[in-house]
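A short worksheet on the structure shown next.
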Amino acid sequence: MPSRSINTWHLRLIVLHALACLPLLARAQANYEIQVYGAETVPPQTLMVELHSNFTVEGQQQAVSGVLPTYHQEHETVELTEGINDWSEVGFYIFTSEQDGHGVQWVGDHIRPRVRVPDSWGWPVGVSLSTEIGFQRSAYSTDTWTWEIRPIIDKSIGRWYFAVNPALERTLHGPDVNQGLGFAPSAKISYDFTRVVSGGIEWYADYGAIGNISPVHNQQQQVFVVTDLNVSPLWEINIGVGIGATGSTDHLIVKAILGRRFDWGRHSPID
Amino acid sequence: MISRRDLLKLPGLVGLASSFPAFAGDLAAPDYKIDIAPVTLDLSPRHKLKTTAYNGQVPGSLLRLKENQPVTIEVTNRTDRPEVVHWHGLFTPSDVDGAMEEGTPPIAVNSTTRYTFSPRPAGFRWYHTHTMAMDDLTRAQYGGQHGFLMIEPRENPARYDQEFFLALHDWGGYMLASDDGAMNPSYAVATINGKAMGFGEPLRVKQGQRILLHVLNSSPTEVHWIALAGHSLRVLALDGNSVPTPRTVPMLRLAPAERVSVLAEMNNPGVWVLGEVRKHVQALGMAVAVEYEDRRGPAHWEQPSELIWNYEQFAAAQPVGQSSDPPIIVPLVFEAKFRGHGAMEAWMINGSSYPNARVAPLIRGKRYRLQFINKSADDHPLHLHRHSFELRSLGTPLAAAQGTSRMDIRGIIKDVVLVDSQTRAEVEFTADNPGATLFHCHQQNHMDLGFMMLLDYA
């Protein structure tokens, strides 16, 4: 019947579209740590403990290629970052997900060494380079082993803060292993309303493979309205609400980062 | 025949000369000349730096002047900006004190000015530029424009065999975010007399000598802690003024613009490090070797385990004579003004920044008690021009009730005092040198951003 033919045709289109979007849907699962990095590293003999809490209010509602839907997923990520010296650090992530019917699940782990240009070099902008490698379970990402290299450039001018992270991603194991480098930039601009309260915009994108940029519909484009609360040098608080502007992006996410710095070394005034 | 000095001793002419330095300078050749000009410094084998200096050297020439004996110093400005030279710690008239805010004329680009004054009081003073740097961390006090000034008393009672003048300085400033939520200068190199450790000449001494060290902190912003390994230091004077109770101490603390004069007995032969106590600062170069005769080899350092210093230990054991008239109390509240995490803070005294910060005019002959109420997160080295003050109390927590001071200090005369964050301190001075008088924090970035106030006489 004509009507049935049309429905079948539509169904085929939907399946084809979903397959085309697979790599990006996989990346869409990466809402475990939503943060634009600043160039500064954690000081030596200091451990930064951060909890990233992200809740997808509106997201993917169907499982695709065995990957669980993001809709109403609560992601809790513990990030531990240890300062090595005054120009390097190592971060370690524990990703978890909670969702009705699935309970609390371990998703994966990443490790992230980072180096930066020392302040004493007197560069006009802060510059650092982060690399991140890790595993995530196939139930949460079709690509189970991934690698990322993230240049970080930032600058504070008076009350304004600017940061850009033109990150490059590579799948080491999974369907996208032959896709090459992907381009996933992010950026932030914020303004200090007071010494404590800053507000701004964060932007996260994924354009797909370099040399084979995805159509706009298949790209990820997220914009968050955020506030940073600088209540103490020991604490880091970032809260934001983000919307996804393309069909491949989760449409509404609420995020929060709560960080606490612990000085575990013996900090003597004579040091 | 009347010499220039004889002429200037004539009543009235001294004051006239002081009032019109250029006129006074025309009478004869100057006693000293200072050229302000760009220079390239070799701070260490790895650090070559372009800066501005006095007479092509850092520190500038040591000027030895006689107390109350008029002197003429000719200064030529070979830089591309107006300059002024401040005679720090002297009781000079406002128009030669060397602060444009007080009315001292600037030295125009490529021009020459003469400063003529009768230097007093005796003691270890210094001279330096009194210009603004703002965001340029190479200018003003961030550069090399500082030199020693020794005002000799008619009779010098100090007994010593050798005398050394040492200037502590920080170079290569860059902005760094700090825990107070604002940007602050940090430094790439730290030196003593313009040389990093191992690059300058050692202080050569002989066993049995008593050496007199005059230490100046000419840093634009940093407090420094200094020790001489293997030796202790007997503090004789603070800011060039003898202390009532000399004490032997393991180390010195000097805020920007402070001076400490100490005696050290050379009774431990070897090669020793005289340097910053804090490891990270000494690693930047702030140290010099003290080398006994016939001793060679690497300089030895003994790392202290803590920082020890307080002003109070040098106070008079018994209260000195007290004026019957209670002083006029002038509360001064210091607060920061946030300008963004990417900027340095601005500063306010009693709610206003320079030039709007004001207090009632001083009355000549009256005794004043300045109450420093530091509500900010920073410590401040506070300097009063053209006068000395007596420390009266220090370190009183702001939470303590008004009127309660941690202790009553007497007999310590200074022109700079470091007031800790969130504390109250009190100093007293007599308004006995009429003329516009500048009061400010001696941290270059603080005075640049409003931490100054002009005191007028009625």
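Proteins come first, then strands; the chains are lettered A, B, ... in the order of their sequence lines, and each starts at number 1.
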More than 12 non-hydrogen atoms from neighbouring residues, nucleotides or ligands closer than 6.0 Å to [atom1] on [X], yes or no?
X: B:Trp309; atom1: CH2; value: yes
X: A:Trp203; atom1: CH2; value: yes
X: A:Gln45; atom1: CD; value: yes
X: A:Arg261; atom1: CZ; value: yes
X: A:Arg260; atom1: CZ; value: yes

Quick check on [X] against chain A: is it the side chain, the backbone, both or neither that has a heavy atom closer than 4.5 Å?
X: B:Ser178; value: neither
X: B:Gln303; value: side chain
X: B:Leu176; value: side chain
X: B:Phe338; value: both

Choice from A:Asn230, A:Thr194, A:Asp192, A:Leu234 maximising heavy atom contacts with chain B below 4.5 Å
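Looking at each of A:Asn230, A:Thr194, A:Asp192, A:Leu234 in turn, A:Asp192 comes out on top.
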
Winner by heavy-atom pair count (cut-off under 4.5 Å) against chain B, out of A:Ser268, A:Gly122, A:Pro118, A:Pro269
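Among the listed options, the one with the most contacts to chain B is A:Pro269.
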
How about residues 343-350 of chain B versus chain A: which residues have heavy atoms under 4.5 Å apart?
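If one takes a 4.5 Å heavy-atom cut-off, the residues of residues 343-350 of chain B near chain A are B:Ala343, B:Glu345.
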
Which atoms of A:Ser232 are under 4.5 Å from chain B, going by heavy atoms: the side chain, the backbone, both sets, or neither?
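For A:Ser232, no heavy atom lies under 4.5 Å from chain B.
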
Interface moiety of A:Asp271 toward chain B, non-hydrogen atoms closer than 4.5 Å:
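For A:Asp271, heavy atoms of backbone and side chain both lie under 4.5 Å from chain B.
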
Would you say the side chain of B:Lys279 lies within less than 4.5 Å of the side chain of A:Ile270, judging by non-hydrogen atoms?
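Yes. Closest side-chain heavy atoms under 4.5 Å.
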
Do side-chain atoms of B:His341 reach the backbone of A:Gly158 as a donor and acceptor pair under 3.5 angstrom?
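A pair under 3.5 Å: no.
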
When B:Gln282, B:Arg339, B:Met183 are compared by non-hydrogen pairs under 4.5 Å with chain A, the top option
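Max contact count across the listed options: B:Arg339.
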
Report the distance from atom CG of A:Asp119 to atom CE of B:Met175, rounding to the nearest 0.5 Å.
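Taking CG in A:Asp119 and CE in B:Met175, the distance rounds to 11.0 Å.
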
